Amino acid sequence: MNTSIDFIPIDYDYFDFNGKSYIKLIGRTSDKKRICVVDSFDPYFWAILKDNTPEKRIKEIQNKISKIKIKSSSRTTSIIKTELHNKKFLGKDVKAIKIFITNYKDGHAVADKLGMKEIIARRGYDIRLLSKYIIDKKITPLTWYKVSGEIIDNEDFGGIANIDVDLCIKADEIKKAEEQIPFTPKVLAFDIEADEFEIGKGHVIMISLVSDNFKKVLTWKHCKIKQDFVECFKDEEDMLEAFIEYIKEQDPDIITGYFSDGFDLPYLRARAVHNKVKLALGLDNSQPKFARGRIPSARTSGIVHIDLFRFIQTAYSQYLQSETLGLNDVASELLGESKIEFEHSRKKKRTEQEWKDFFEYNLQDSLLTYKLFQKAWCDISEFSKVIQEPLFEVTRDTMATNSENYTLHNLDKYNEIPEKKPIHDEISARRARPRYQGAFVLQPEPSLYENLAIFDFTSYWPSIIVTFNLSRATLLSKKQKDSIQVDLGEEKVYFSKEQSFFAKILGEIIEKRKLYKQQYNKNPSPITRARSNAYKLLANASYGYLGFFGARYYCPEAGASATSISRDFIKKTIDIMNKNKYKVIYSDTDSIAFLLNKHSQTQALKLLEQINKNLPGIMELDLEDFYKRGIWVTKRSGEFGAKKKYALINQKGKMKIRGFETVRRDWCRLAREVQNNVLNLILKNGNEKKALEYLKETIKKLKKREIEKKQLIIRTQLKKPISEYKANTPHIAIAKQMQEKEMPIDIGMLIEYYIAESKNKKDRIRDKAKLPEENLPYDIDYYLNNQILPAVENIFQVFDIKIKDIIAGGKQATLF
DNA sequence: GACTTGGAGGTACC
DNA sequence: ACTGGTACCTCCAAGTC
């Protein structure tokens with residue numbers, strides 16, 4: 001029976017039937033029905049021919065290729081057809097044979113059989129099948145399509161339609177729908193609690209679920225008290241079964257957790273195995289599949305599993321102030337809501353009240369995850385649409401991969417054959433490459449300054465890459481007439497002037513970013529904001545990508561050229577500013593901080609306009625802000641100005657602090673707060689007097705032991721396994737103690753400690769480092785000399801005040 | 001044993 | 001192993017006198 005229906009693809013999958021690859025799309029119709037669409041697809045790859053291969057010989061090669069067969073136990077892969085095309089590869093015109101094969105998995109094996117000497121390269125067999133499908137058929141995620149085809153019944157394709165959907169269609173034609181109505185997916189958030197931290201070691205004692213008008217905590221542990229959202233089960237097995245049932249009943253498009261790839265789903269899997277329960281979360285009742293990788297990704301068939309943590313890590317972390325990317329910090333910052341405070345006591349007995357709190361706590365985690373997801377949905381879906389990769393991939397891929405995928409999805413416009421991924425040996429060689437010289441940083445003169453402004457280049461790296469056409473495809477082996485020359489110190493490199501697909505694609509990204517930013521400013525909406533942000537992130541990833549060892553279009557020469565050009569332009573601009581009687585105080589990479597001296601703001605903006613007129617290509621200098629005051633300090637060692645450390649206050653009284661201990665999470669809160677307040681008082685008042693008074697007060701409090709312990713906790717991240725550390729630093733000493741006490745330890749976690757007083761003078765800092773739970777008097781000297789004073793010393797130094805003398809003097813005075 | 005110095009380690013800036 | 005390079009600073013560990 002034939003039918004035609006509107007639908008939006010959400011989940012992408014593929015399967016084999018009779019040795020051939022098929023695509024399986026799961027989506028919703030406009031009347032909210034869930035459907036599956038099976039689409040056929042002839043995967044292909046490219047064999048690039050040597051220049052001037054005679055046509056007769058090409059025919060022979062095509063003939064030979066057509067006869068290739070790859071036999072394995074489960075299938076025989078053969079060549080469907082071959083076609084000769086005029087293509088481009090790395091910007092050069094080439095003739096290439098397009099080879100269609102029945103099963104994409106054997107692409108590599110087929111490519112290996114192409115030993116003919118006229119075939120100089122084989123490309124396009126290392127792109128994921130789903131990406132290849134989207135590139136070829138242009139079925140973009142989260143976009144409405146009209147699909148017509150035959151309804152499949154349960155026997156077709158070996159029972160592929162035997163899944164929990166309303167309808168399955170074998171597509172004859174999929175056309176983009178004329179009307180694109182907004183789509184809101186049905187989402188279910190979940191979170192588990194276990195009695196042991198290590199995966200699978202203990203039991204899952206409760207699971208919370210939150211969806212639209214749905215809140216539940218499932219447990220089997222403590223069933224005496226009644227909370228309306230708590231549902232009790234006989235044992236862990238029953239609870240797991242109920243969890244699966246509830247997901248089926250809720251019928252979500254997306255299930256989401258926070259770090260659920262790394263914790264919740266692996267734990268559930270382990271407990272399901274232990275209890276002999278099939279964790280049938282997929283629409284086809286399959287269990288989650290874990291891909292390999294540093295954090296294995298858990299894929300549930302037909303329902304997209306999104307680990308929000310991973311998306312936040314790649315897309316948001318650089319814009320977040322949070323010190324960790326834990327649920328609590330991120331939810332506080334983005335939602336203004338926190339987790340419920342609850343002590344995971346290690347004692348086995350909990351009181352009635354503690355159980356009640358525990359259930360609330362568990363529910364709140366799912367609730368926060370649910371709300372965070374709603375907040376992030378616009379960004380996630382726009383990301384998926386812009387990059388044209390499915391939700392599952394786009395929420396887990398790093399920015400380098402996302403950016404590369406964007407390129408791969410746009411190559412067709414330029415008739416380009418994709419470059420291959422580097423293989424093992426090549427990666428090692430690339431990783432061994434010495435670093436190339438980076439950006440320019442101007443050494444500041446330490447002082448308190450008044451009346452400043454900052455100019456900065458908009459999208460500096462991308463604008464340089466586009467303007468100077470820096471890329472793998474345009475890199476020349478030697479100088480040519482009309483080529484762009486870049487000086488890299490010892491050597492020179494050359495790029496062709498003819499714009500490459502790489503520069504064009506990046507230029508387009510920058511254009512779109514501009515467009516959506518303008519649209520957003522005119523008419524703010526979450527969608528235009530998300531779109532603008534997606535393009536911004538893509539643009540920002542382009543420079544790092546050039547030097548990234550895993551990149552298809554790896555080109556360190558282009559990266560080094562970009563930095564070389566960046567140094568030239570920033571230095572030239574600094575010169576212009578100084579020659580026009582502005583005094584440049586500081587500069588880092590793409591920004592210039594300067595004194596207006598006697599100039600007005602209008603005059604400064606005129607100069608900005610002037611400078612912009614002389615900038616090439618799409619390069620552009622912009623006003624960042626005007627500032628009332630700013631302070632730069634000396635390095636702790638030596639009397640020179642410290643780079644990457646300054647504090648500013650603008651006309652509205654808003655502070656901008658960079659690099660100072662205030663913004664460093666590995667300093668205790670006391671030191672950070674004191675420094676922040678000192679900077680604030682100095683910048684507001686224009687002198688150090690009030691700041692000095694305040695400092696003295698605080699030191700008095702410290703000496704009287706009036707400072708709360710939580711102000712004194714130092715947090716340091718554990719970055720690798722304890723055994724790999726060479727030095728026994730305080731945070732490692734504490735991590736070892738935690739290990740002995742069987743406290744949960746994991747790479748990436750923040751180790752917390754404080755420094756306690758000790759009678760033994762030979763004790764090192766690590767000997768005095770104590771776990772926060774230990775109740776010992778804090779070491780006044782340490783917090784004074786190693787935390788507070790270092791944080792404020794060089795700030796007062798600017799006013800020629802030697803804080804140490806004053807403190808020592810104060811000490812004597814009290815003695816007398 | 002006191003002091004210096006190099007480097008491991010962590011975190012921030014752009 | 002999962003974008004690049006530049007920079008600051010602490011604390012340990014080993015070397016010097």
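Chain letters run A, B, ... following the sequence lines, proteins first and then strands; every chain starts at 1. All figures in this text were calculated on a predicted structure; none of them were measured in a lab.
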* What's the CZ-P distance between Arg310(A) and dC2(C), to the nearest Å? -> 13 Å
* How close or far is atom C1' of dC8(C) from atom CD of Gln443(A), stated in whole angstroms? -> 12 Å
* Structure fact -> Against the side chain of Tyr436(A), the closest entry in dC11(C), dT3(C), dG5(C) is dG5(C)
* Asked: Any Lys/Arg nitrogen of Asp261(A) or Arg310(A) sitting under 4.0 Å from an Asp/Glu carboxylate oxygen of the other?
  -> yes
* How many Å lie between CD on Gln675(A) and P on dC8(C), as a whole number? -> 16 Å
* **Short side-chain N/O contact to dC2(C) OP1/OP2 from Thr401(A), under 4.0 Å** => no
* For Gln787(A) and dC9(C), give me the distance from atom CD to atom P, rounded to whole Å. => 14 Å
* To do: Just jot down the salt bridge (charged side-chain N to carboxylate O under 4.0 Å, His left out) partners of Lys514(A), sequence neighbours excluded, or say none.
  => none
* Structure fact -> With the side chain defined as heavy atoms from C-beta on, Arg766(A) is closest, among dC2(C), dC8(C), dA13(C), to dA13(C)
* **Parallel, tilted or perpendicular: rings of Trp632(A) and Tyr449(A) (30°, 60°)** => perpendicular
* Asked: Does the side chain of His305(A) reach to within under 4.5 Å of the side chain of Arg396(A), using non-hydrogen atoms?
  -> yes
* Asked: Is the phosphate of dT3(C), meaning OP1 or OP2, less than 4.0 Å from a side-chain N or O of Asn540(A)?
  -> no
* To do: Report yes if at least one side-chain N or O of Arg431(A) is closer than 4.0 Å to OP1 or OP2 of dC2(C); otherwise report no.
  => no
* **Value in whole Å for how far the P atom of dG5(C) lies from OH of Tyr460(A)** => 18 Å
* Take nucleotides 3-14 of chain B nucleotide by nucleotide from the 5' end and write B, S or -, depending on whether a protein heavy atom sits under 4.0 Å from the base, only from the sugar-phosphate, or from neither. => ------SBBSBS
* Distance check: side-chain N/O of Arg433(A) vs OP1/OP2 of dG5(C), anything under 4.0 Å? -> yes
* Less than 4.0 Å between a side-chain N and a carboxylate O, is that true for Asp625(A) and Lys656(A)? -> no
* To do: Determine whether the side chains of Asn794(A) and Thr634(A) contain a donor N or O and an acceptor N or O closer than 3.5 Å.
  => no
* **pair Asn676(A)-Glu673(A): side-chain heavy atoms closer than 4.5 Å** => no
* Please state how far atom CZ in Arg636(A) lies from atom P in dA7(C), giving the value in whole angstrom units. => 18 Å
* **Spacing between Ile714(A) atom CD1 and dC9(C) atom P, to the nearest angstrom** => 17 Å
